[in-house]
Amino acid sequence: MSEMEWSDGLDDEQRRAVEHGATPLVVAAGAGTGKTRTLTARVARLLDAGVPPERVLLLTFTRRAAAAMTTRAAAACARPEAAGRLWGGTFHAVAHRLVAEHAPHLGLADVTVLDPGDVTDLLDLIREEHGLTGTGRRLPTSQSIADIYSRAVNTGTPARRLMAEQFPWCLPHADAITGLLRDYGTRKRARGLLDFDDLLLYWRALLDDERVGPRLRARWDWVLVDEYQDVNRVQVDIVRGLRPDGDGLTVVGDDAQAVYGFRGASPEHLLSLLDDLPKASLVRLERNFRSTQPVLDLANVARPGELRLRLVADRGAAGERPRVIRCRDADDEARQVADAVLAAHQEGLDLREQAVLMRTGTHSHQLEIELKVRSIPFVKYGGIGYLETAHVRDVLAAFRLALNPADEVSWYRLLTRHRAIGKAGARTLAGILSGTDEGRYDEALRTASDKARPGLAATLDQLRTAQSADATAAVVEACHAAVLPLLRVHYADWSRRSADIERLVESAAGGSDLRAFIADATIDPANVAGDWAKQPYLDEDYLTLSTIHSAKGLEWSAVHLIRASDGAIPSDMALTSDAGLAEEERLFYVAVTRARDTLHVYSPGRLPTHPTSFHARHVLAKPSRFLTPEVLAVADRVDVTRPAAPVDIDTDIGIDSDIDCAASRSATPVTVPSMDELFG
DNA sequence: CAAGTAATTGTTTTT
DNA sequence: CAATTACTTG
């Protein structure tokens with residue numbers, strides 16, 4: 001054990017966590033307290049102590065976090081090559097690996113992962129049989145039904161009770177919905193289809209199995225879990241199933257940063273672990289290496305939760321006080337943000353060091369227009385990914401059919417892209433084609449209408465080629481050939497979409513394992529998208545726009561939090577329950593703790609009811625309820641709606657009549673440099 | 001039963 | 001202003 005580089009620069013508490021023995025360890029790590037460094041140092045220390053890397057399992061919530069941690073652990077330990085043999089990844093990715101490995105034990109001939117879009121497609125496909133298609137009164141969307149399903153399994157709540165509590169408008173159809181969901185389950189099982197939730201459920205089932213469970217448990221001595229406040233019931237069971245007495249278990253989390261309640265997570269899981277494992281030790285990390293004290297003063301005041309961590313800036317007391325900017329409306333807000341971003345840029349702060357955070361992807365609409373007008377380059381995270389667009393999913397469906405001809409959902413999707421095949425035709429044909437009958441292709445052709453037959457024949461031909469091909473490139477090429485003529489006709493804006501397809505096909509053909517490529521694309525779209533999606537400004541300087549969820553774990557020198565008005569933060573969707581409101585409060589906390597040096601919080605007095613700006617009606621909005629007097633006391637208030645005198649932000653709700661753009665622009669005397677020369 | 005046209009809706013957050 | 005959805009017509 002030579003250098004012990006992993007110990008470099010750790011403070012006492014971090015070192016305690018890193019050097020802790022085998023008894024269960026809970027690390028309560030506030031934002032910016034070196035959580036990743038601590039976790040990776042602990043892994044490096046284990047490896048340096050001679051632990052075989054394959055006996056260490058590191059579970060994270062995003063692929064990015066997993067990659068960052070293994071890389072850093074490798075860099076910090078004496079045997080960097082060993083870190084490559086670590087088991088690391090998201091819960092879902094590891095689950096997929098294990099489920100594929102144990103497919104026979106699980107009674108699965110093949111494993112195809114359904115993305116959330118596929119799930120709604122499948123529900124659409126079968127809902128008619130359950131009397132959920134009539135026109136007339138409004139029926140719950142398949143999306144809502146999928147939500148009910150997911151929440152039920154992830155929280156262990158009976159669907160009926162769940163509906164009563166959280167989806168009351170679905171209650172009149174409770175019988176039909178529960179019937180549909182049962183059918184959904186058997187349908188998936190019969191076809192070897194697994195949705196995201198199934199991956200976790202199957203993993204848990206493996207752990208519960210008398211024969212497989214002990215072997216799985218014996219595979220790892222050390223299990224480390226990041227972001228434990230974001231685990232749901234099933235994930236808790238998996239972790240506990242892996243380490244029943246807690247020995248070798250390390251979890252890191254922060255109850256104030258739990259923001260995945262809608263996915264069945266609860267910060268309670270972190271807190272209750274301490275009760276469930278009496279031997280567990282708690283280490284609290286409160287020294288913050290990220291932000292200035294003034295930023296942390298605001299964060300500490302805003303911090304919810306039980307752990308009551310108080311962050312202290314390692315950087316000392318100096319720093320600029322956060323600013324709360326009251327603005328007139330969304331357009332005004334966009335101008336304020338753009339002005340501030342440019343001003344900082346002029347003072348030498350790269351755009352890369354700045355980010356705009358928002359509650360939902362649509363909140364940046366006005367800002368995006370403003371940025372385009374001013375030629376400020378930006379990249380937006382958290383919106384609809386390329387892999388979720390229809391045409392890309394069409395190609396993925398073809399890939400999946402090449403590997404799993406029983407994939408009814410993919411059949412359905414592909415069939416509806418054909419001319420002369422609509423919903424009804426696709427449904428019957430998908431049933432035939434996903435079956436096991438020897439002559440199912442011929443039968444499908446016989447069933448198809450005269451108009452549909454030629455197109456279908458061509459598709460089936462190519463898919464047969466794909467299914468019998470060995471080399472990945474050949475499979476991909478055949479699928480490409482099957483899909484191309486369909487999509488060219490089907491999409492009116494084909495020219496805009498074709499480039500995406502080319503990139504996807506190229507990237508899939510380049511890989512060695514199509515199965516892995518599809519699983520990656522499904523379980524972690526960003527991972528694959530990053531390889532081939534266009535990233536025009538990758539080498540250049542650009543501003544980051546991100547949802548708060550996607551910004552978790554990241555940091556920037558300057559952070560602009562927009563739409564800090566009631567109805568946006570907290571989202572009006574969340575106001576119906578205490579739990580929902582508490583989660584919004586945690587989101588606010590996550591957002592403000594992303595800032596290293598400057599934090600600007602913008603609160604428009606009028607919010608668009610409708611995300612697109614034109615015939616948008618506006619509704620009056622109060623400042624976010626999270627901008628409490630205590631929070632405001634540690635911030636500088638700026639009111640750009642009435643530039644003459646600062647107005648108490650609590651009482652001014654901006655009731656002024658119509659907005660005069662020129663007036664509001666002149667009210668903010670920030671000089672706007674020509675962007676062409678700045679970025680030319 | 002498919003496909004085209006008209007009307008009418010919107011919209012959390014993500015593995 | 002999309003993108004579903006309802007209603008028409010072939």
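In what follows, chains are A, B, ... by sequence order, proteins preceding strands, each numbered from 1. On a predicted model such as this, the values are computed, not experimentally measured, just so you know.
Closest contact between the side chain of Thr62(A) and the listed nucleotides dT15(B), dT11(B), dT14(B) involves dT15(B).
Straight-line distance from the CG atom of Asp147(A) to the P atom of dT13(B): 12 Å, rounded to whole Å. Going from atom CG of Asp197(A) over to atom C1' of dT14(B) covers 12 Å, rounded to whole Å. The distance from atom CG of Asp520(A) to atom P of dT15(B) is 13 Å, rounded to the nearest whole Å. Between the CD atom of Gln257(A) and the P atom of dT14(B) there is a distance of 16 Å, given to the nearest Å. One can place CD1 of Ile548(A) at 11 Å from P of dT13(B), the figure rounded to the nearest angstrom. Rounded to a whole Å, the CG atom of Asp124(A) is 8 Å from the P atom of dT5(C). Between Arg263(A) atom CZ and dT12(B) atom P there is a gap of 17 Å when expressed in whole angstrom units. What separates CG of Leu575(A) from C1' of dT12(B) is a distance of 12 Å, to the nearest Å.
Under the 30°/60° scheme for interplanar angles, the aromatic rings of Trp87(A) and Trp220(A) are found to stand perpendicular. Using cut-offs of 30° and 60° on the angle between ring planes, the pair His560(A) and His600(A) is perpendicular. By the 30° and 60° cut-offs, the orientation of the rings of Phe61(A) relative to Phe91(A) is tilted.
Look at the P atom in both dT12(B) and dT5(C): the space between them is 15 Å, to the nearest Å. Taking atom P on both nucleotides, dT4(C) is separated from dT13(B) by 15 Å, rounded to a whole Å.
Contact check, Thr547(A) against dT12(B): no side-chain N or O comes under 4.0 Å of OP1 or OP2.
Counting any heavy atom pair closer than 4.0 Å across all strands shown, Phe262(A) reaches a base atom. Note on Tyr260(A): only backbone sugar-phosphate atoms sit closer than 4.0 angstrom, heavy atoms only; bases stay farther off.
Using a 4.5 Å cut-off on side-chain heavy atoms (C-beta onward), Thr60(A) and Glu227(A) make no contact. A 4.5 Å side-chain heavy-atom check between Gln366(A) and Glu333(A) finds every atom pair outside the cut-off. In this structure, the side chains of Leu581(A) and Leu575(A) come closer than 4.5 Å at one or more pairs of heavy atoms.
Applying the ring-ring contact (aromatic ring centres under 6.0 Å, His included) test to His102(A) and every residue at least two apart in sequence or in another chain returns His105(A).
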For nucleotides 1-6 of chain B, 5' to 3', base contacts (B), sugar-phosphate-only contacts (S) and non-contacts (-) with protein non-hydrogen atoms under 4.0 Å give -SSS--
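Comparing Arg359(A) and Thr90(A), the nucleotide of DNA chain B nearest to each residue sits closer to the 5' end for Arg359(A).
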